[in-house]
Student: 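Got a structure for you, written out below as structure tokens; questions coming shortly.
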Amino acid sequence: MPKLLLTKRNIDSKKHIPPVEKGQVDYFDTEVKGLMLRVGKESKTFYVQVDVLDLTTGKYKSVREKIGRYGEWTPEEARATAPQLIRRLRDGKPKEDPPPTLKAIYERYLVDKRLSKGTVTLYKGYIPRLFESWLDLPLNLLEKALTPEVVIDRFQHIRENNGPGAANNSFKCLQAIINYAEILYPQFITRNPTKVLSRTDMWAKIEGRDDCLEPKQFKIFSDALLKCTPAHRDCYTFALYHGIRPAEAYSLKWEDVDLENDFATFRHETERSKRTYTVPLSRQSKAILSRRKAAATEGQVHVFPKQGPRNKHEHLILRADHLKGKTGLSLTPHGLRRSFITTGERLRLRREDINWLTGHTDNTVTGKHYAKLTPDDLRPVLQAICNEIERLMLEGVGAKVITLPTAAQNQ
DNA sequence: ACTATGTGGATCGGGTCTAA
DNA sequence: TTAGACCCGATCCACATAGT
């Protein structure tokens with residue numbers, strides 16, 4: 001059997017490898033033991049071949065495995081891949097499955113990770129639509145196909161055509177999927193091509209919103225809510241009195257409200273990015289819930305029931321355009337949460353307390369201590385904020401009374 | 001480095017007001 | 001009495017932010 005240093009130059013040379021008319025000729029590499037090029041009439045293909053001791057017979061036998069065709073694989077790549085293949089053959093391990101496609105990983109990711117419904121929708125909304133042409137790539141070719149230039153090009157294309165948020169989101173989803181592929185198939189992919197966006201600092205910078213009720217706007221807000229349905233009005237106000245996230249407000253169920261002991265629990269499906277938490281009720285928020293209870297029909301599950309006739313959900317929905325339309329303010333439902341937090345800060349209340357009440361997780365050392373607190377411990381703090389919000393809604397900014405937390409505790 | 005939810009535009013379709 | 005305007009709460013989708 002011929003031996004030959006398997007380099008591009010040698011492989012292409014007719015002198016070293018004469019054309020084959022019939023059958024095949026194997027050329028073993030002079031450098032890597034076990035690496036060989038099988039030359040046929042039509043193609044040249046890299047293989048590894050080793051002798052392995054068969055434990056059942058006590059004899060050696062030759063086993064061979066295909067690396068890939070010359071042309072798709074360079075000699076350097078074949079030489080780099082050969083040692084691990086040889087090692088596996090010597091260990092008697094079975095041949096691995098062919099590399100899955102990006103699409104297969106994407107589908108597996110959605111199943112394996114047990115994401116929330118919303119996140120699955122997010123992935124499904126971006127990946128097939130914006131990366132369709134990449135989905136059929138097998139994992140082992142991903143690094144090769146998705147060069148920095150290709151990645152950056154697509155990123156910029158999406159940013160121009162779909163917006164900066166869509167560009168960030170879609171590529172972060174893709175990045176997560178490929179990271180998962182790296183974990184599952186380190187033999188096929190070792191570097192995430194999307195990382196180039198971090199390394200070149202290309203992610204689109206998106207400013208956070210900051211809409212928030214000014215002190216003088218509380219009254220405008222409150223008065224404008226009279227134009228809403230009572231349920232909407234109560235839901236907006238409840239959200240403001242607790243500083244909770246909009247969905248926590250409108251999806252609240254009666255089973256998570258304790259009107260005897262004055263608690264409410266805001267639940268989260270997966271708890272991976274938001275935790276379920278229980279807060280005390282204030283005098284004001286309890287009044288809202290009691291009013292809702294009185295208005296509730298038999299068997300009504302949600303505190304704030306749907307208002308229109310053709311709703312998918314049994315609860316109503318808070319919408320920014322709705323809120324803006326009614327109040328004339330540039331205010332989103334999430335802005336009510338910022339308004340609550342800001343009110344607490346104006347009262348010079350502790351940031352940790354406010355975090356606790358609004359379901360922010362606090363990983364600081366001080367924050368850990370707060371894990372031991374019960375909703376009752378935070379009741380006076382919530383009451384102080386609610387009193388100030390109520391005062392602003394009723395009286396406006398005039399005759400501002402500074403309510404100190406200590407004074408508030410007596411209420 | 002993610003995961004989850006919020007926002008906004010277009011649009012739907014039932015309710016209600018209005019005018020003939 | 002009824003057609004049509006139009007109002008309004010919601011939906012759906014695509015994109016933007018919030019939060020761990």
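Lettering of chains follows the sequences in order, A, B, ..., and the numbering in each one begins at 1.
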Student: How would you summarise protein contacts on nucleotides 13-20 of chain C per nucleotide, using B for base, S for sugar-phosphate only and - for none, with heavy-atom distances below 4.0 Å?
Tutor: --BBBSSS
Student: I need the CZ-P distance between A/Arg319 and C/dC12, as an integer number of Å.
Tutor: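 Going from CZ in A/Arg319 over to P in C/dC12 covers 12 Å.
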Student: Check whether any side-chain nitrogen or oxygen of A/Thr119 sits under 4.0 Å from OP1 or OP2 of B/dT3, and answer yes or no.
Tutor: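 Answer no for this pair, as no side-chain N or O of A/Thr119 is under 4.0 Å from OP1 or OP2.
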Student: Does A/Arg114 make a side-chain donor-acceptor contact with the base of B/dT3, cut-off 3.5 Å?
Tutor: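 Counting by modelled atom types and ignoring angles, no donor-acceptor contact under 3.5 Å is found here.
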Student: Using every non-hydrogen atom in the two residues, find where A/Asp29 and A/Arg79 come nearest and quote the distance to one decimal.
Tutor: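 What the structure gives for the nearest pair is OD1-NH2, 3.0 Å.
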Student: With side-chain contact (heavy atoms from CB on, under 4.5 Å) as the test, would you mind laying out the steps for A/Lys293 and A/Val257 before giving the verdict?
Tutor: CA-CA 10 Å; A/Lys293 192 75 185 175; A/Val257 172; over 6 Å; no
Student: Does a side chain donor of either A/Asp112 or A/Tyr180 reach within less than 3.5 Å of an acceptor in the other side chain?
Tutor: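 Yes, because at least one side-chain N or O of A/Asp112 sits under 3.5 Å from a partner of the opposite role on A/Tyr180.
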Student: What nucleic acid atoms does A/Lys117 come within less than 4.0 Å of, heavy atoms only: base, sugar-phosphate, or nothing?
Tutor: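 Here A/Lys117 touches no strand at all.
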Student: Under a 4.0 Å heavy-atom cut-off, which of residues 223-240 of chain A touch DNA chain B?
Tutor: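 Correct list: empty, so none.
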Student: Determine yes or no for a side-chain-to-main-chain donor-acceptor pair under 3.5 angstrom, with A/Arg379 supplying the side chain and A/Asp262 the backbone.
Tutor: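 Such a contact is found between A/Arg379 side chain and A/Asp262 backbone.
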Student: Whole-Å distance between B/dG14 C1' and A/Lys306 NZ?
Tutor: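 Computing the A/Lys306:NZ to B/dG14:C1' distance gives 13 Å.
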Student: According to a strict under-4.0 Å criterion, is A/Tyr109 in side-chain N/O contact with OP1 or OP2 of B/dT3?
Tutor: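 Checking A/Tyr109 against B/dT3: at least one side-chain N or O falls below 4.0 Å of OP1 or OP2.
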Student: For A/Pro164 and A/Arg159, which heavy atoms make the closest approach, and how far apart are they?
Tutor: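 Closest approach of A/Pro164 to A/Arg159, heavy atoms only: CA-CG, 3.8 Å.
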Student: Round to a whole Å and report the spacing from NE2 of A/His322 to P of B/dG6.
Tutor: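 Rounded to whole Å, this separation is 16 Å.
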Student: What integer distance in Å separates A/Ile317:CD1 from B/dT7:P?
Tutor: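 In whole Å, B/dT7 P lies 12 Å from A/Ile317 CD1.
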Student: When the aromatic ring centroids of A/Tyr106 and A/Phe131 are compared, is their separation below 6.0 Å?
Tutor: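 So the answer is no for these two rings.
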Student: State whether A/Thr332 places a side-chain N or O below 4.0 Å from either non-bridging phosphate oxygen (OP1 or OP2) of B/dT7.
Tutor: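 For B/dT7, OP1 or OP2 has a side-chain N or O of A/Thr332 closer than 4.0 Å.
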Student: Once you round it to whole Å, what is the distance between C1' of B/dA1 and CD of A/Glu182?
Tutor: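 Atom-to-atom, A/Glu182 to B/dA1, this comes out as 13 Å.
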Student: Using a 4.0 Å cut-off on heavy atoms, which residues in residues 140-153 of chain A reach DNA chain C? List them by number, or say none.
Tutor: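 Contacts with DNA chain C under 4.0 Å: none.
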Student: Please state whether the phosphate of B/dT3, meaning OP1 or OP2, lies under 4.0 angstrom from any side-chain nitrogen or oxygen of A/Lys113.
Tutor: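 True: A/Lys113 side-chain N/O within range (under 4.0 Å) of B/dT3 OP1/OP2.
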Student: Could you give the CZ-to-P distance, from A/Arg267 to B/dA4, as a whole number of Å?
Tutor: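 In whole Å, B/dA4 P lies 17 Å from A/Arg267 CZ.
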Student: Taking the six-membered ring for Trp, are A/Phe238 and A/Phe304 parallel (under 30°), tilted (30 to 60°) or perpendicular (over 60°)?
Tutor: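 Tilted: the ring planes of A/Phe238 and A/Phe304 meet at 30° to 60°.
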Student: Would a line drawn from the ring center of A/His302 to the ring center of A/His313 be shorter than 6.0 Å?
Tutor: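 No, the ring centres sit 6.0 Å or more apart.
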Student: When you measure from the side chain of A/Lys326, which nucleotide among C/dG9, B/dA10, B/dA1 comes out closest?
Tutor: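 Among the listed nucleotides, the one closest to the side chain of A/Lys326 is C/dG9.
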Student: Mind checking if A/Tyr250 touches a base, just sugar-phosphate, or nothing, with heavy atoms under 4.0 Å?
Tutor: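 Answer is sugar-phosphate: A/Tyr250 comes under 4.0 Å of backbone atoms only.
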Student: Using a distance-only test with no angle check, is there a side-chain donor-acceptor pair under 3.5 angstrom linking A/Tyr70 and A/Asp12?
Tutor: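 Note: A/Tyr70 and A/Asp12 side chains meet the donor-acceptor criterion.
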Student: Which part of the nucleic acid does A/Lys312 contact within heavy-atom distance under 4.0 Å: base, sugar-phosphate only, or nothing?
Tutor: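 A/Lys312: backbone/sugar contact only, no base atoms under 4.0 Å.
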Student: Under a 3.5 Å distance rule, please check whether A/Lys227 uses its side chain to pair with a backbone N or O of A/Lys326 as donor and acceptor.
Tutor: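 Checked: pair present.
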Student: Check whether the side chains of A/Thr374 and A/Asp376 place a donor and an acceptor atom closer than 3.5 Å, and report yes or no.
Tutor: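 No, A/Asp376 and A/Thr374 have no side-chain donor paired with an acceptor closer than 3.5 Å.
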Student: May I have the distance from A/His315 (atom NE2) to C/dT11 (atom P), rounded to whole angstrom?
Tutor: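 A/His315 atom NE2 is separated from C/dT11 atom P by 8 Å.
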Student: Checking A/His334 against A/Thr332: is there a side-chain donor and acceptor pair closer than 3.5 Å?
Tutor: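 Their side chains do not contain a donor-acceptor pair, so the 3.5 Å distance test is not met.
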Student: Give the C-alpha distance, both sets of side-chain angles, the deciding distance and a yes or no for side-chain contact (heavy atoms from CB on, under 4.5 Å) between A/Leu357 and A/His242.
Tutor: CA-CA 7 Å; A/Leu357 284 168; A/His242 279 278; over 6 Å; no
Student: Within the structure shown, what part of the strands sits under 4.0 Å from A/Lys324 by heavy-atom distance: base, sugar-phosphate, or nothing?
Tutor: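 Counting heavy atoms under 4.0 Å across all strands, the contact made by A/Lys324 is with sugar-phosphate only.
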Student: Given atom CZ of A/Phe304 and atom C1' of C/dG9, what is their separation to the nearest angstrom?
Tutor: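 In whole Å, C/dG9 C1' and A/Phe304 CZ are 17 Å from each other.
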